[in-house]
Amino acid sequence: MKKYDFSKIEKYWQKEWEKEQVYFAQDKSKKEKKYILIEFPYPSGEGLHIGHLRPYVAGDVYSRFLRMKGYEVMYPIGWDAFGLPAENFAIKKGVHPSLSTKGNIKNAEAQIKSWSIGFDWSREVNTTDPEYYKWTQWIFLQLYKAGLAYEAEGFINWCPRDKTGLANEEVVGGFCERCGANVEKKELRQWYLKITDYAEKLLEGLKTLDWPEKIKIQQENWIGKSEGAEIDFEVKGTEESIKVFTTRPDTLFGATYMVLAPEHEFVLKLKNKISNWKELEAYIKKASAKSEEERSLEKTGVKLEGVNAINPANKEEIPVFIANYVLSGYGTGAIMAVPAHDERDFEFAQKYNLEIKKVILPILAKNPVGSAQGVPSEVAVQSECWIGNGQLINSDKFDGMDSEKAKQEITKFVGGKKKIQYRLRDWVFSRQRYWGEPIPLMHCKACGIVPVPEEELPVTLPEVKKYEPTGTGESPLAAIDSWVNTKCPKCGGPAKRETNTMPQWAGSSWYYLRYADPNNKKEFANIDLLKQWLPVDVYFGGMEHTTLHLLYSRFWHQFLYDQKLVPTPEPYIKRVPHGIILGADGEKMSKSRGNVVCPDEIVRKFGADALRMYELFLGPHEAMVSWNEKGILGISRFLERVYKFFQIENSEGKDDENIKVLLHKTIKKVTEDINEFKFNTVISALMIFLNGVEGRELKRETKQIFLKLLAPFAPHLSEELWSKLGNTTFIQKEPWPEYNEKFLKEDNYELVVQVNGKVRAILVVSVGIKEQEAQKLALADEKVKSFINNQKIKKVIFVPDRLINFVV
RNA sequence: GCUUGGGUGGCGGAAUGGUAUACGCGAAGGUCUCAAAAACCUUUGGGCGCAAGCCCGUGGGAGUUCGACUCUCCCCCCAAGCACCA
């Protein structure tokens, strides 16, 4: 018997498919469209690894399934090729990033093709192609013209290793998301995108999406909406007042001091009233230089001597502090401190011996302690700091009022204003690095900031010898005089180009739109084509992008929708996340650990079909799993057995009843589980089928159906066997098999007989028997008899076609 | 600390109120072979027992139910995300 020569077979069919363009997505097709998307890769020097494959294979299996179901499927690919690694490589080797990128893309493309991931290569995009980033720049200009891009000076996150500013989203636990360096604070002039203007829309839009709840919740928390009030505190003996944001105006009578963030400008106004100015200045300087992470270690502060504020509720004078635990970027950068009802204020007040005044009495539970949400437990009631709601005390005429009501009433009483506050901060959009899209603006002495006229786009990256980031806060582009100095398109006078570049998230914020119309020279994409393909039906990708790419691209999309440039309010309808693949040692794969698995080697050893199937068989798609080299043997054996099974003389076998039932059950299971992205159980269903039919003769039709079910997973093997059966079509163009309800039912089933809930016997009986009959059969069984042991039967539970339970 | 998932054989995992451990890996024994590999067959949660069989068993404890991996409450542990957001 011939051995399954996967290497030869796979190469053969890959050529055949390429000839026939089987993955080509037809514009204006009569079929219903499906747009399946994976996060396009970054073409690194190491090539694609085993982890990239997971979503690609999932998307590929799903796409193949949908094509067989009769849809016009677009499953495109491109390259997210701007970014630090290419630039760092260039610095090290002296090779221009565009060159190394080109080589890397070539390699990755060969890899992907060797796995037969069915991408439509005719739609390939590359974010570093001027024909592409021309439109990235164009979209930026639209944002600028709409007032959503602005320049500001301020403290931003700064990565000392990459020597560039970072967005809030790129700081993960105080470290640079890219390189892991400890992020610092630095005062810099930066470009921002006003993503905060879209906070509400981003929140609202989530409700319409078919995304896993956990992703929605993560985005929701990141946007962090909270409702409260803004209240002014007068400063005694001045015309000044300090505005605070609070979600707890009901505790206003308990505000015994105020705190300003170290960056708060207010202190400058009262400089000459503050008697301890020197001390204060030193403190502010020290605190500002520290990152938020460092600041959070210990609460410290300095009192503004000689300045007192007035609590607007009870007119009492209260001290004002500058302290590190108040953030300048949130609310007004100033708070009213209520130590009796806020843990942070409580901690600070204890340390600095400040007055703690209780104004909320926890409402004691009508229900038993701990039985419902928001009901204080005994412990909480006794504690010094109660942060829940309750009944007001020590609050004059509001005494006895409920917290919720008091929030409204006290806000009104002191002339405060209801206010909605978001945690989301504006997107720091400029980078001081070379390998990114130049921001298409100019600075003119006479006209100020002037956008580059649209017809002059793209503003291409100049060729340079030195890519090194300067570290000064200036991009390396700033050193190229010939590029920087230009003419103002408005007044014709001398102007300088903006030298900052865009972050890597720019190109990826709209790439899925370009796929719909990748070669358009006149617009970023034609609206009719966008209407045809959008929205993305299923987007496969990693959890790590929840508050980065996924948030950014939704923002851009919503903006483009408001500009009537895209046809849908949201870009991606369904999101299917995947877990990361760990090394065999259960650790994250990394070069330094030496646990990286090379997919090319696996393909050589076991073939692409085996690699594809094993990726899916590892475990549930969303779960984190460890790679186990030995596990792939199981898949390899399965494919080998399939091959051998189909080598048996192709006589017209006849299916018995059991095989028919098994077949239809398998069709049902495979179809349903693919629809739910439960690929691991699909594969086990295919194995169960083979286990059930091996060594028996099958009808040709049954064999063909099985091959079709296998086709999305092992496209090469199934195509080979399909043609061996004498078919001249491609199996992947065949219609997906349907199951028939009437074949799902067997004649007999195993009736489980329980006594007091314990299984005591299993009887084979015919399907559909009534309770009485089942009872008679069960009671006739010797074992059942012995367990009932002549006791009185109190109750009988009968579940049709499943079990009968006697309670004695 | 908060939010969201999880905890099932030696291992990856299956089962969302009805036979726990499907499917695969590994292991043990066997067939084939001079031998080995591959392949194939059998066994494989634990305890007691010669056996038939019985008892126990899904992180721990309670509860609901004829019946709980599945539902409810409390606790422990692991993972991911957020973290002074007033």
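No experiment lies behind these values; they were computed from the predicted model shown. When reading the values below, keep in mind they use all heavy atoms of this one structure, side chains included, and skip hydrogens, waters and symmetry mates. Every chain is numbered from 1 and lettered A, B, ... according to where its sequence line falls, protein lines coming before strand lines.
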Short side-chain N/O contact from [X] to OP1 or OP2 of [N], under 4.0 Å:
X: A:Arg637; N: B:G26; answer: yes
X: A:Lys630; N: B:G10; answer: no
X: A:Lys795; N: B:C66; answer: yes
X: A:Tyr330; N: B:A86; answer: yes
X: A:Asn691; N: B:G24; answer: yes
X: A:Ser226; N: B:A86; answer: yes
X: A:Asn680; N: B:A14; answer: yes

How close or far is atom [atom2] of [N] from atom [atom1] of [X], stated in whole angstroms?
X: A:Leu618; N: B:C23; atom1: CG; atom2: C1'; answer: 14 Å
X: A:Ile632; N: B:G26; atom1: CD1; atom2: C1'; answer: 16 Å
X: A:Ile762; N: B:G53; atom1: CD1; atom2: P; answer: 12 Å
X: A:Gln219; N: B:U4; atom1: CD; atom2: P; answer: 17 Å
X: A:His621; N: B:G6; atom1: NE2; atom2: P; answer: 16 Å
X: A:Leu633; N: B:A37; atom1: CG; atom2: P; answer: 14 Å
X: A:Ile797; N: B:A68; atom1: CD1; atom2: C1'; answer: 14 Å
X: A:Tyr422; N: B:C82; atom1: OH; atom2: P; answer: 21 Å

Proximity to the side chain of [X] - top-ranked nucleotide from [options]:
X: A:Phe617; options: B:C23, B:C66, B:C55; result: B:C23
X: A:Val625; options: B:C23, B:C84, B:G13; result: B:G13
X: A:Asn221; options: B:U3, B:C23, B:U4; result: B:U3
X: A:Met624; options: B:A79, B:A86, B:C84; result: B:A79
X: A:Ser684; options: B:G12, B:A86, B:A22; result: B:A22
X: A:Arg641; options: B:G24, B:A79, B:U3; result: B:G24
X: A:Met687; options: B:U19, B:A79, B:C23; result: B:C23
X: A:Thr246; options: B:A86, B:G18, B:G13; result: B:A86
X: A:Lys214; options: B:A22, B:U4, B:C54; result: B:U4

Note, [X] side chain near [Y] side chain (heavy atom, < 4.5 Å):
X: A:Leu803; Y: A:Val759; value: no
X: A:Gln350; Y: A:Ile356; value: yes
X: A:Gln421; Y: A:Lys225; value: no

Base, sugar-phosphate or nothing for [X]? Non-hydrogen atoms, less than 4.0 Å.
X: A:Val759; value: sugar-phosphate
X: A:Val244; value: nothing
X: A:Leu803; value: base
X: A:Arg423; value: base
X: A:Gln218; value: sugar-phosphate

Charged N to carboxylate O under 4.0 angstrom, [X] versus [Y]?
X: A:Arg641; Y: A:Glu694; value: yes
X: A:Lys668; Y: A:Glu672; value: yes
X: A:Glu298; Y: A:Lys351; value: yes

For nucleotides [N] and [M], find the distance between their [atom1] atoms and express it as a whole number of Å.
N: B:C78; M: B:G59; atom1: P; answer: 16 Å
N: B:A79; M: B:G12; atom1: P; answer: 15 Å
N: B:A22; M: B:A14; atom1: P; answer: 13 Å
N: B:C11; M: B:U72; atom1: P; answer: 28 Å

Could you let me know what [N] is paired to, Watson-Crick or G-U wobble, both distances under 3.5 Å, or none if it's on its own?
N: B:G81; answer: B:C2
N: B:U72; answer: B:A62
N: B:G26; answer: B:U44
N: B:G67; answer: none
N: B:U21; answer: none
N: B:A39; answer: B:U31

Problem set entry | Heavy-atom donor-acceptor pair, A:Glu622 side-chain to B:G5 base, under 3.5 Å | no

Exercise. What about A:Lys299: does its side chain form a donor-acceptor pair under 3.5 Å with the base of B:C84?
Worked result: yes

Exercise. Which residue lies toward the 5' end of RNA chain B, A:Asn805 or A:Ile683, if each is placed at its nearest nucleotide?
Worked result: A:Ile683

Exercise. A:Ser626 or A:Val807: which one's nearest nucleotide on RNA chain B is closer to the 5' end?
Worked result: A:Ser626

For [X] and [Y], does a side-chain donor sit closer than 3.5 Å to a side-chain acceptor?
X: A:Tyr422; Y: A:Glu200; value: yes
X: A:Ser226; Y: A:Tyr330; value: yes
X: A:Trp427; Y: A:Glu169; value: no

For this session: Answer syn or anti for B:G47, where the cut-off is 90° from 0 on the glycosidic torsion.
Result: anti

